[in-house]
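Report on the structure given below.
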Amino acid sequence: MRWSKTYIPTLRQNQSDAELVSHQLLLRGGFIRKLASGIYLYLPLMQRVIDKFSNIVREEMNRAGALEITMSVLCPAEVWQQSGRYDTMGKEQIRLKDRHDHDMVLCGTHEESVTSLVAGELKSYRQMPLNLYQIQVKFRDEIRPRFGLMRGREFIMKDAYTFDATEESFAISYQKMVDAYFAAFSRAGIEVQKVESDTGAMGGKAAHEFMLLVDTNAGEETILTTENGSYAANLEKAVFVDKAEIENESELKELETVDTPGAATILEVKKFFDVKSTRLAKTILYMADGKPVVALVRGDRDVNEVKLSNAVGAVELEMAKEEEILKYTGGPVGYSGPIGLKDVQIIVDPLVTKLTNFIVGANVDGKHIINVNCGRDFNPTKVMDITLARKGDKSADGSKLIAKSGIELGNTFQLGTKYSEALGAKFLNEAGEEMPCIMGSYGIGITRTPQAVIEKYHDDKGIIWPKNIAPYLVCLIPINLEKEAQAETAEAIYKALNDEGIDVLYDDRKERAGVKFNDADLIGLPIRITIGDKSLQDGNVELKARSEKDMELVKVENIVEAVKKMANRLN
RNA sequence: CGGAGCGUGGCGCAGUCAGGUAGCGCACUCGCCUGGGGUGCGAGAGGUCGGCAGUUCAAGUCUGCUCGCUCCGACCA
């Protein structure tokens with residue numbers, strides 16, 4: 001492609017509202033433009049990146065036996081009502097009415113569509129395993145879109161869905177997808193880390209995320225992992241073994257209400273009684289789908305709201321407001337406790353049940369209760385792990401957990417039979433019994449991944465694309481096209497590379513060398529060929545990798561081979 | 001939704017406090033110069049100052065309403 005014939009609107013200045021380097025570079029490099037908050041247009045360079053990455057994913061999916069289909073983005077609400085998710089998706093789902101006033105949704109994922117498809121066709125265990133996928137636009141009406149393509153309201157995703165007759169068969173299908181994911185990301189030039197994650201709105205039994213680990217604040221998720229990688233999970237999901245030393249008293253003492261004026265926070269209470277925060281229980285009131293729930297964790301710990309949300313089966317969980325705290329506990333913020341609460345669910349973390357004679361709020365301004373014991377003084381609705389893990393905690397095998405920052409590029413969900421039962425995707429097994437399919441669903445962020453790659457691979461001048469997803473492999477730059485020798489050589493090399501099927505962007509613009517070099521560095525094509533008088537006198541052109549500092553001189557007639565050789569050794 | 005800001009040529013901004021001829025840099029067009037890291041000189045074109053209503057002789061500037069956008073938080077691929 002000739003630069004003058006394509007459309008690459010690079011910018012000299014940064015756009016003021018882009019926070020992330022990768023977002024900034026996509027805008028400056030002329031890859032994307034924003035149409036509205038969280039809605040982007042993909043320009044020619046970006047389109048090529050998307051195509052290249054899509055094709056890698058497509059090839060790996062096909063290799064794993066998945067079959068490509070396309071499902072409609074527009075979907076009748078009815079299907080979502082059947083699965084129950086019409087109520088649980090909340091405002092993230094974009095909804096509209098058609099001209100007949102029928103409720104419709106713009107899909108953010110396709111479990112419902114694919115399951116209702118399969119429900120009508122799948123009758124026998126002989127038809128499984130089945131794996132269907134598509135690469136398509138998705139809609140999620142994010143509360144706060146940000147970070148460019150990382151969190152948009154419209155984005156492209158590869159989503160795959162598996163249907164199996166038995167757990168054994170499902171395990172194989174799942175593993176095939178996991179393997180395909182590693183293969184696809186590796187071909188795109190990046191290494192991902194598989195971590196355990198919460199299933200969230202997807203439901204189901206277990207889930208994994210595929211994270212790109214980054215140094216910057218771009219990682220919107222924290223991962224806890226052991227040094228050797230034996231365990232890795234995202235913060236919300238991470239399970240840990242608590243190693244805190246607790247000074248428990250063996251004898252259970254009498255309850256006592258104590259005046260603690262001005263001591264509302266854990267820190268103040270701990271100071272007041274001159275004890276460690278592990279001797280206190282933190283009582284936090286939440287509203288779960290409008291109903292009050294109290295969460296009790298040890299004083300030195302924080303509530304994991306995802307775990308809590310799962311514990312009570314809530315769709316929407318938020319911390320209670322001041323007036324709600326007053327209403328349900330009778331006391332002000334900072335003095336809440338589990339004793340004497342009525343019509344409030346009490347979820348207690350196991351770490352609290354291990355304490356004796358601990359301290360809680362009295363639900364009265366300026367008072368706390370001491371010598372509290374769970375089960376004796378109040379009855380938990382449920383005892384369940386609701387504590388947020390943190391770095392420094394121990395994993396199950398005793399190794400220390402360390403924190404890393406990651407960008408989620410893909411995920412895999414073990415859905416079980418949630419959707420197949422709801423939407424009637426049933427089959428007859430070998431014994432002639434009717435069974436629901438065992439399902440899995442699998443996503444890869446097609447537009448998000450390239451931006452994450454940029455976040456990982458860039459320098460102060462611009463992007464450094466891995467070769468397999470670079471919009472072009474080679475950037476061909478004649479310093480001065482007015483010089484006939486340079487122009488002729490450029491044309492010849494351009495033709496030679498094209499004839500070999502090598503993607504080359506030929507900068508034939510009447511720009512000064514500096515502009516061309518800067519633009520080339522900015523858009524980050526892996527290999528640059530420079531044609532200038534100095535080296536051309538000896539029949540040479542200059543070959544340079546974007547990721548490397550030094551260039552080499554190559555005879556014009558050897559350039560194609562040299563490019564191939566360089567491409568081979570580059571990431 | 002809670003908190004904080006911002007909307008002025010394509011992009012980045014000044015001007016708003018204190019009402020009185022809409023400005024700067026980059027980009028763009030034309031001419032000349034230059035020609036190995038965002039070149040220099042000259043001449044141009046381009047703006048409903050987010051929108052609506054109000055105050056005023058006069059509104060980018062003051063008032064009210066409204067729309068959009070960004071950042072922090074809750075939500076998430």
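Lettering of chains follows the sequences in order, A, B, ..., and the numbering in each one begins at 1.
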ask   = What integer distance in Å separates A/Glu482:CD from B/G36:P?
value = 13 Å
request  = Name the closest nucleotide to the A/Arg140 side chain, picking from B/A77, B/G36, B/G35.
outcome  = B/A77
message = Is there, by distance only and without an angle test, a donor paired with an acceptor across the side chain of A/Arg509 and the base of B/G38 below 3.5 Å?
response = no
request  = Nearest whole angstrom, please: distance from the C1' of B/G36 to the CG of A/Asn540.
outcome  = 16 Å
ask   = Rounding to a whole Å, what distance do you find between A/Asp507:CG and B/G38:P?
value = 15 Å
request  = Can you tell me the pairing partner of B/G64 across any strand shown, Watson-Crick or G-U wobble, with both distances under 3.5 angstrom?
outcome  = B/C52
Atom pair distance, as rounded to whole Å: CG in A/Leu388 and P in B/A74 = 12 Å
inquiry  = Heavy atoms only, 4.0 Å cut-off, all strands: where does A/Gly443 land among base, sugar-phosphate and nothing?
reply    = nothing
request  = Could you give the distance separating B/C24 and B/C69 at their P atoms, to the nearest angstrom?
outcome  = 31 Å
ask   = How long is the line joining CG of A/Asn518 and P of B/G38, in whole Å?
value = 7 Å
request  = For nucleotides B/G37 and B/G44, find the distance between their C1' atoms and express it as a whole number of Å.
outcome  = 29 Å
query = So, are A/Arg85 and A/Glu111 salt-bridged, with charged N and O less than 4.0 Å apart?
reply = yes
A/Arg2/A/Glu491 salt bridge by N-O under 4.0 Å criterion = yes
query = Quick one: on RNA chain B, does A/Ala36 or A/Gly410 contact a more 5' nucleotide (nearest heavy atom)?
reply = A/Ala36
query = Any Lys/Arg nitrogen of A/Arg390 or A/Asp302 sitting under 4.0 Å from an Asp/Glu carboxylate oxygen of the other?
reply = no
task = For A/Arg144 and B/C1, give me the distance from atom CZ to atom P, rounded to whole Å.
result = 15 Å
inquiry  = Whole angstroms only, please: what is the CD-P distance between A/Glu221 and B/A77?
reply    = 7 Å
query = So, is A/Arg12 close to the B/A27 phosphate, meaning a side-chain N or O under 4.0 Å from OP1 or OP2?
reply = yes
message = As a test of reading the structure: which of B/G73, B/A77, B/G35 is closest to the side chain of A/Glu142, going by heavy atoms?
response = B/A77
5' precedence on RNA chain B between A/Lys34 and A/Gly445 (nearest-nucleotide basis) = A/Lys34
query = Can A/Arg509 and A/Asp507 be counted as an ion pair, charged N to O under 4.0 angstrom?
reply = yes
ask   = Between A/Tyr442 and A/Tyr181, how do the two ring planes meet: parallel, tilted or perpendicular, split at 30° and 60°?
value = perpendicular
inquiry  = So, applying side chain to side chain contact (heavy atoms under 4.5 Å, CB included) with A/Ser54, which one of A/Ile50, A/Val57, A/Ile56 is it?
reply    = A/Ile50
ask   = Do A/Phe210 and A/Phe182 make the cut of ring centroids closer than 6.0 angstrom?
value = yes
key: Proximity to the side chain of A/Gln15 - top-ranked nucleotide from B/G37, B/C69, B/G12   = B/G12
message = If I pick the P atom on B/G10 and the same atom on B/U56, what distance separates them, to the nearest angstrom?
response = 34 Å
request  = Please tell me which of the listed nucleotides, B/A27, B/C69, B/C75, lies nearest to the side chain of A/Glu92?
outcome  = B/C75
query = CD1 of A/Ile8 versus P of B/A27: gap in Å, rounded?
reply = 18 Å
ask   = Choosing from B/C69, B/G36, B/G12, which nucleotide comes nearest the side chain of A/Ile479?
value = B/G36
query = From the list B/A74, B/G36, B/G38, which nucleotide is the closest neighbour of the side chain of A/Glu305?
reply = B/A74
task = For B/U61 versus B/C17, give the span between their P atoms, rounded off to a whole number of Å.
result = 9 Å
message = Strictly below 4.0 Å: does A/Arg146 bring a side-chain N or O up to OP1 or OP2 of B/U70?
response = no
ask   = Counting only Watson-Crick or G-U wobble pairs whose two distances fall under 3.5 Å, which nucleotide matches B/C30?
value = B/G42
inquiry  = Regarding A/Arg33, tell me which of base, sugar-phosphate or nothing describes its non-hydrogen contacts under 4.0 Å with the strands shown.
reply    = nothing
inquiry  = To check you understand the geometry: which heavy-atom pair defines the closest contact between A/Ala184 and A/Phe53, and what is its length?
reply    = O-CE1, 4.4 Å
request  = Look at the side chain of A/Ile143 and decide which nucleotide, out of B/G25, B/G38, B/C75, has an atom nearest to it.
outcome  = B/C75
task = Under 4.0 Å between any heavy atoms, over every strand shown, what does A/Glu542 touch: base, sugar-phosphate, or nothing? Just pick one.
result = base
message = Rounding to an integer number of angstrom, what distance separates B/G7 and B/G12 when you compare their C1' atoms?
response = 14 Å
key: Stacking check A/Phe517 vs B/G36 (5.5 Å / 30 deg)   = no
ask   = Does a nitrogen or oxygen in the side chain of A/Ser37 sit under 4.0 Å from OP1 or OP2 of B/U70?
value = yes
inquiry  = OP1 or OP2 of B/G35 versus the side-chain N and O atoms of A/Lys516: is any pair under 4.0 Å?
reply    = no
Pairwise C1' distance, B/U16 and B/G31 [rounded to whole Å] = 40 Å
query = Hey, is the side chain of A/Asn480 pairing donor to acceptor with the base of B/G36 inside 3.5 Å?
reply = no
inquiry  = Can you tell me whether the side chain of A/Glu511 and the base of B/G38 have a donor-acceptor pair closer than 3.5 Å?
reply    = no
request  = If B/A4 has a Watson-Crick or G-U wobble mate with both distances under 3.5 Å, name it; if not, just say none.
outcome  = B/U70
key: Interatomic distance at C1', B/A59 relative to B/G51, whole Å   = 15 Å
B/U34 phosphate, OP1 or OP2, under 4.0 Å from A/Arg512 side-chain N/O = no
inquiry  = By the 4.0 Å heavy-atom rule, please label A/Ser309 as base, sugar-phosphate, or nothing.
reply    = nothing
query = With rounding to whole Å, what would you report as the distance between B/A77 and B/A4 at their C1' atoms?
reply = 28 Å
